[in-house]
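We count ligands from 1, going down the list as the structure has it; atoms in each ligand are counted the same way. Everything quoted here is computed from the prediction, not taken from an experiment.
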Amino acid sequence: MERVLGYVFASWIASLYMVTPLSACPENCDCPLMELRIECDDLNTLPSLPIFEDDPDIHAYIEELVIENQNTITRIDNLTLRAFPRLEILKLARNNIKEIDHDAFAGNKKLSKIELDQNDLKYVPWQPFAYLFNLQELTLKDNPLKCGQCNHRWLQELMHEGKVDKELMCWTEVGDAAKEQKVKLIDIAFQNCTLPTVNVTEKTVVLQETQQIEIDCVASGSPPPTVKWLFTPYNHTIVDIENGKKLRVHSAHRNDNGKVLCEASNEAGNDVQIVNFTVQFPPKINDYYVILEEEIFYKTLVFNISGIPMPEIEIYHDGEKQRIDTEGSFLKSGDNTFSPTRTSFNGSVYFVRCSHANNGNYTLIIKNKFGTDNATLYNVTLVVDPGPEFVPVNSTVLPTYKTPITVYDPKGSLTVPYVIVPAILAAAFVFALVCVIKSRHKKRSRHLPFENGEVLDPLRPHAPTLPMVENPNYLNGIQTHHIDRNKIHFMKALGEGAFGLVYLGTYKCVNDPLNDTRVAVKRLKDAARGDARKDFEREAELLANLQHDNIVTFYGVCMEKEPFLMVFEYMENGDLNNYLRCRGPDADCLTKDEVSLLPLTYNELLYIAKQIASGMVYMASQHFVHRDMATRNCLVGERLVVKIADFGMSRDVYSTDYYRIGGQTMLPVRWMPPESINYRTNTIESDVWSYGVVLWEIFEYGKQPWFGLSNVEVIEKILSNQQLECPKACPKEIFEIVKGCWERKPQDRLPIKEIYERISKFSEVMPPFLDMSGKNTLV
Ligand code: 0F4
């Protein structure tokens, strides 16, 4: 009986932990999406190729596709795999494939491993594989492969390169099928069959516009190969010469920059030679403008320029040359390395510090050895009058800045490095002091519950350290935990994708599956992209250092291979904004059991506010400026525990909370104080302003501040000292605090510690009977 009860109890617990698999996964397939894989291998269950009907974008991320045991798969044509451009591994064993089209993998240039074992292939053409430059392994075991006259010669070549198994067998063709023999393909001596080789007379061509050039492409091989020029220049002719072809460029053009290919092919295979074409030309300004929407705070000049070699850029303000560096104005260009394939690029100039004196005419001059170009923007208004009481940020007094160094910057804009000698010395002293105190102070470690009931720290023992990063904010010797990815089982995207690539998973407890811990796993999208890996490491380092009951709990990273992962605590109620919206007096959200949710009580709202203030007191004590405090960046766990996080700005559901300027910059203007809007400064005091807006959000049950107004209208309101009204549900004592957060001068705002103390005191005296819902206990 005890055992039966135990079993029932265990199943009940297990059912609590069970999460439905990702709904979009095609029927009869498995989709471990965290590994970017789709697997369909149940015998003859696939009527067609797997398609994510609910979310077709998923195809674009898949790196491994396994389709096996399907007798309906008979051919790979150019449509079959087009939806999977990132495919690296393709396993198509034990199907019924008889044919592979020449352009079957035209859209899958990243393929590195292809398995075609146990199909019905008699001939495998070389063409589909010819331009797969990453291909490392091709398996064709147990196909009725014919040895062929010459057409499988290319496979021998791949055998020599170690990409195809030398044991691969083929059937000799002797006319009489009964007498066919199975032999090793590597042993076949093909007659009159040699692979083509091709040579070009010039591999690197540098010329100027309108110049002419001739390049010969000469090939050999047996049977004699066909020679073809591919991706030819704009204005050319091709002339046949003996064994090859001449490419004659009559008048080079800037659009010809890039690669030109000569290909020789015959039955045995192909060979290519690449010619790099660089066509030089004088600089040209294609576009130069101020972002129109930004009448209120013009700060970004945007341009698109072209020219080879890459032009030098100069900016003149009313005829005076400007220094473009991180101190005064700050030039941020996109990708400004000129490859022959890129002849133009977008750049922008951000004015980090400016006053009315900076308004005026802005001339952009670009130069290279072939000439110059210039363009002027007249009467550019960078700054509107901020009002007489405002302390200009370019003054040397910055009492509000605790750490005058460039701080962690996930948003890509600059936290101003006010480089003044006394401030640096003071900061260096504070920083050194913090480091000393930190190294003496033993960190509280974060624990995952572990097998055999022990609370072990599984992540520390052999944890290799992450490489140290240069940013001094992280030079404190804290190690980032490393987690065994094999112990994480992926379940589904969290918040229906509202957090981007963040998934729900379980962390395995080997001896006690019921104790598997739920975790949230963030996946790095593309570690090879730009600074993605570095940013990932910095964030992990930072998160490992920020440890507090009201800051998102970070367990560690998996970085021994891609995809890189960050593992966080699971917080069952998701983000605070969504939580509040579903629990306002007019909300119509239902629980999983279709029961209406009760509105949050005053005490609950206060408890939320208090926890966020507590997390902010801690962040301020660490001199950490958050820069995007808002309810969308907080998580809610069991028993209304609230933790601050920072999910970045790319979440679609909250895209309207940000004002996009200048292409990449996104500003949460509704949460920003005037000085941050005007000067892009971020300080503990600007976080306090944002906290005032967070209090407003809490007592408005998640409404968007200034809802109904455009971003430009909101900026106008903020810069002209207008404030949000007191929410109906907000006690006047709390709104007094809100107003204390919204003092125009940063130095007049309430310190976060005082805010926390005042809310704590108020929570103690708040009589429970004031609760509108009559429910005073925490859920
Ligand atoms: F200080 C700080 F904590 F605010 C801070 C500072 C600087 C960087 C960061 N970074 C950060 O928070 N990164 C980040 C990125 C992506 C995910 C997470 N964590 C996260 C996200 C969503 C969930 C989660 N646990 C859950 O349970 C989540 C969602 C959910 C939906 C429905 C139920 N649960 C952890 C952190 C922070």
Side-chain angles (χ1 to χ4, degrees), residues 17 19-20 34 407-412 415 446 448 469 471 473-474 480 488 491-507 517-525 532 535-557 563-579 581-582 589 591-592 611-638 641-651 653-654 668 682 684 687 690-691 694 752:
Y17 275 78
V19 180
T20 43
M34 209 164 65
V407 298
Y408 168 74
D409 187 1
K411 284 115 196 161
T415 301
R446 290 167 186 280
L448 287 171
V469 288
N471 190 324
N473 263 356
Y474 315 116
T480 305
I488 300 170
M491 287 166 136
K492 63 164 191 171
L494 266 174
E496 279 146 16
F499 294 88
L501 298 175
V502 181
Y503 306 93
L504 170 64
T506 53
Y507 186 80
T517 303
R518 281 191 288 183
V519 288
V521 184
K522 170 184 161 166
R523 216 188 130 259
L524 176 62
K525 208 167 167 188
D535 292 345
F536 185 91
E537 288 172 354
R538 282 180 189 211
E539 189 176 1
E541 188 85 7
L542 177 64
L543 282 160
N545 284 308
L546 289 173
Q547 300 189 11
H548 182 269
D549 288 343
N550 302 110
I551 302 282
V552 62
T553 304
F554 174 59
Y555 291 139
V557 293
F564 293 167
L565 308 174
M566 279 186 197
V567 185
F568 295 92
E569 176 185 16
Y570 177 68
M571 302 281 284
E572 65 177 19
N573 286 306
D575 82 60
L576 174 60
N577 187 268
N578 187 47
Y579 185 83
R581 279 172 189 261
C582 275
C589 301
T591 64
K592 273 178 233 143
Q611 292 177 80
I612 298 174
S614 171
M616 288 182 66
V617 171
Y618 169 76
M619 291 195 299
S621 76
Q622 303 295 303
H623 308 289
F624 177 76
V625 180
H626 187 289
R627 300 154 43 97
D628 195 11
M629 280 303 309
T631 56
R632 65 179 168 273
N633 270 331
C634 298
L635 286 166
V636 186
E638 280 176 343
V641 168
V642 176
K643 301 197 179 189
I644 301 168
D646 186 351
F647 308 123
M649 300 175 177
S650 55
R651 298 159 74 197
V653 261
Y654 294 113
N682 292 285
I684 302 288
D687 275 358
S690 309
Y691 178 76
V694 168
I752 188 67

Of Asn550, Asp549, Ile644, Ile551, the residue whose pairing with Ser614 passes side-chain contact (heavy atoms from CB on, under 4.5 Å):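 Of the listed residues Asn550, Asp549, Ile644, Ile551, the side-chain contact (heavy atoms from CB on, under 4.5 Å) partner of Ser614 is Asn550.
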Between Leu546, Leu542, Leu543, which is the residue that forms a side-chain contact (heavy atoms from CB on, under 4.5 Å) with Phe554?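 By the side-chain contact (heavy atoms from CB on, under 4.5 Å) criterion, Phe554 pairs with just one of Leu546, Leu542, Leu543: Leu543.
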Which of the atoms in ligand 1, numbered in the order shown and given with their element, are less than 4.0 Å from a heavy-atom of [X]?
X	value
Glu572	33 (C)
Leu542	7 (C)
Leu494	26 (C), 28 (C), 29 (C), 30 (C), 31 (C), 32 (C), 33 (C), 34 (N)
Leu543	9 (C), 10 (N), 37 (C)
Met619	1 (F)
Gly574	30 (C), 31 (C), 32 (C), 33 (C), 34 (N)
Ile644	3 (F), 4 (F)
Val552	3 (F), 12 (O)

Output the distance between atom CD (Glu638) and atom CE (Met571), rounded to the nearest 0.5 Å.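 So the gap between those two atoms works out to 9.5 Å.
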Would you give the length of the straight line joining atom CE of Met629 to atom CE of Met619, rounded to the nearest 0.5 angstrom?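 Spacing of CE (Met629) from CE (Met619) equals 5.0 Å.
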Between the side chain of Asn633 and the main-chain N/O of Asp628, is any donor-acceptor distance below 3.5 Å?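 Yes: the side chain of Asn633 pairs with the backbone of Asp628.
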Are any of the N or O atoms of [X] closer than 3.5 Å to those of ligand 1?
X	result
Glu539	yes
His626	no
Asp646	yes

Is there a side-chain contact between [X] and [Y], using heavy atoms and a 4.5 Å cut-off?
X	Y	result
Tyr570	Leu494	yes
Leu576	Ile612	yes
Ile752	Asp687	no
Val642	Tyr579	no

Residue portion contacting ligand 1 (non-hydrogen atoms closer than 4.0 Å) for Tyr570: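 For Tyr570, the contact with ligand 1 is made by both the backbone and the side chain.
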Hey, is Ala520 touching ligand 1 through its side chain, its backbone, both or neither, going by heavy atoms under 4.0 Å?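 The part of Ala520 near ligand 1 is the side chain, not the backbone.
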Looking at ligand 1, would Lys643 count as a contact under a 4.0 Å heavy-atom criterion?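 Per 4.0 Å heavy-atom rule, Lys643 does not contact ligand 1.
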Check contact between Phe624 and ligand 1, using heavy atoms of the residue and a distance below 4.0 angstrom.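 Per 4.0 Å heavy-atom rule, Phe624 contacts ligand 1.
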Look at the aromatic rings of Phe536 and Phe564 and report parallel, tilted or perpendicular, splitting at 30° and 60°.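 Ring orientation of Phe536 relative to Phe564: tilted.
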So among Arg632, Arg651, Lys643, which one has a salt bridge (Lys or Arg N to Asp or Glu O under 4.0 Å) with Asp575?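 Only one of Arg632, Arg651, Lys643 forms a salt bridge (Lys or Arg N to Asp or Glu O under 4.0 Å) with Asp575, namely Arg651.
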Out of [options], whose heavy atom is nearest to [atom]?
atom	options	value
atom 26 (C) of ligand 1	Arg523, Arg651, Met571	Met571
atom 35 (C) of ligand 1	Leu635, Val567, Thr553	Leu635
atom 20 (C) of ligand 1	Phe499, Phe647, Tyr503	Phe647

